[in-house]
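So the structure is just underneath, and the comments pick up after that.
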Amino acid sequence: MKPAPFEYVRARSLHEAAELLAADPDAKVLAGGQSLVPMLSMRLARPARLVDVGRIEHLAYVDEVEGHLEIGATATQTQVATHPLTLSRVPILSAGIARIGHTQIRNRGTVCGSLAHHDPSAELPALALALDARLTSFSVRGPVSRTADAFFTGTFDTALDLDEVLTSVQFAMPPEGTGWSFREVARRSGDFALVGVGALLHTDDAGVVDHVRISLFGVGSTPVRVRAVEDRLLGTVVDEPALDAAAEATADQIDPTSDAHASADYRREVAAHLVQEALAEAWATTRRKHADA
Ligand SMILES: Cc1cc2nc3c(=O)[nH]c(=O)nc-3n(C[C@H](O)[C@H](O)[C@H](O)COP(=O)(O)OP(=O)(O)OC[C@H]3O[C@@H](n4cnc5c(N)ncnc54)[C@H](O)[C@@H]3O)c2cc1C
C-alpha cells in the first residue's frame with residue numbers, strides 16, 4: 001500500500017520542531033523511520049505532517065553525563081551499541097540493541113525513536129527500566145524529564161504529549177563489577193521477541209546482593225520490572241537454589257495475555273526460564289569479577 005498524503009518538513013532546530021508540532025495536532029515526529037514508515041505504508045498512521053528531526057545538529061551524540069550514559073534523539077541504535085562508552089560501561093545495552101531486527105534497521109533506527117514508539121515487544125523500553133533511565137523531552141512549553149517508570153504508559157503509548165520531541169535518554173551506569181545478562185526468545189533471528197529479559201546483579205565483597213534489576217518485555221502492555229523478585233534477592237547471599245526460587249516467583253508477578261504469537265501460559269513459563277538463566281549468568285559474572293579484582 002501507499003501512504004496517505006502528508007506534508008514533509010525538515011526541522012532545522014529543536015525549537016522549530018517544537019513549533020511545527022504545536023501548530024498541528026496531526027503532525028508526527030519522523031526520526032529513523034523504521035517503525036513510522038511501515039505504519040504509513042500500511043495506513044496504520046495517517047499524520048497530516050511529518051516533522052523530520054533527523055538533520056537537527058548536535059542530537060546524534062553518545063556521552064557520559066554525571067555517571068549516566070546520555071544518548072541524543074538522533075543517535076542510531078548501531079551508533080549507540082558500538083560506542084566505546086556503551087561497550088565498556090553499559091554492555092547490556094549493546095547486547096540488547098544487537099537483538100533488534102537486522103543491521104539495516106539498527107543503522108537507521110534511533111534509540112529515542114524506539115523508546116517513543118514503545119512497542120511492548122521491543123528491547124529498549126525494558127532496558128530503560130533495567131537501567132533506571134530518565135527521558136527528557138522538549139516542547140513549546142519547555143523541557144520535561146521523566147523516569148522510565150512514568151514514561152511507558154501502555155501499548156504504543158507513552159507520557160509524551162503529541163507536541164513533544166524526545167530529546168535524550170540517560171541510562172544509569174551500573175556499579176563497577178555488575179554482572180548482567182540479556183536473553184530473549186524469538187521465532188527467527190531478527191524477529192520481534194516473544195519474551196525477553198534484561199538482568200543486572202551486583203554483590204559486595206561478602207557476596208551480599210546490593211544491586212539487582214530484572215526487567216521483562218513481551219509480558220504485558222509495558223515492560224515489567226519484577227520488583228518483588230528483586231526484593232527477595234536484595235540483602236541476601238545468593239546461591240543457585242535462591243536464584244531458582246526467585247525465577248519461579250517471577251511467574252506469579254506477571255500477567256501476560258495471549259495473542260496470535262503465543263499464549264499467556266507460554267509467555268509466563270518462558271519468562272520464568274529466562275529469568276532463571278539470566279540471573280545465573282549475571283551472578284556468575286559478578287562472582288568472576290570479584291575473584292579477578
Ligand atoms: C523489519 C523490522 C524489524 C524490527 N525489529 C525490531 C525488533 O526486533 N525490536 C525492536 O525493538 N524494534 C524493531 N524494529 C523497530 C525499530 O527498532 C525502529 O527503529 C524503532 O522502533 C523506531 O525508531 P526510529 O528512529 O526508526 O523511529 P521512527 O520510525 O521514525 O518513529 C517511530 C515513532 O516514534 C515517534 N518518534 C520517533 N522519534 C521521536 C522523538 N525523538 N520524539 C518523539 N517522538 C518520536 C514517531 O513519531 C513515531 O510515532 C523493527 C523494524 C522493522 C522494520
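In listed order, ligands and their atoms are each counted from 1.
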* Cluster partners of Val238, using ILVMFWY side-chain heavy atoms under 4.5 angstrom, listed by chain and number? -> Val185, Leu194, Val195, Val197, Leu201, Val209, Val212, Ile214, Leu216, Val219, Val224, Val226, Val229, Leu233, Leu234, Leu243, Ile254, Tyr266, Val270, Leu274, Val275, Leu279, Trp283
* To do: Answer yes or no: are there more than 12 heavy-atom neighbours, outside Arg55 itself, under 6.0 Å from its atom CZ?
  => no
* Can you check whether His68 and Phe171 have ring centres sitting under 6.0 Å from each other? -> no
* Considering only heavy atoms from C-beta outward, does the side chain of Gln34 approach that of Gln77 to under 4.5 Å? -> no
* Determine whether the side chains of Ser181 and Arg183 contain a donor N or O and an acceptor N or O closer than 3.5 Å. => yes
* Please determine if Arg225 and Asp149 form a salt bridge, counting it only when a charged side-chain N lies under 4.0 Å from a carboxylate O. => no
* Under 4.0 Å from ligand 1 - residues by heavy atom, chain and number -> Lys28, Val29, Leu30, Ala31, Gly32, Gly33, Gln34, Ser35, Leu36, Gln77, Arg99, Ile100, Gly101, Ile105, Gly109, Thr110, Gly113, Ser114, Ala116, His117, Ala122, Glu123, Leu160, Glu164, Val165, Leu166, Asp191, Phe192
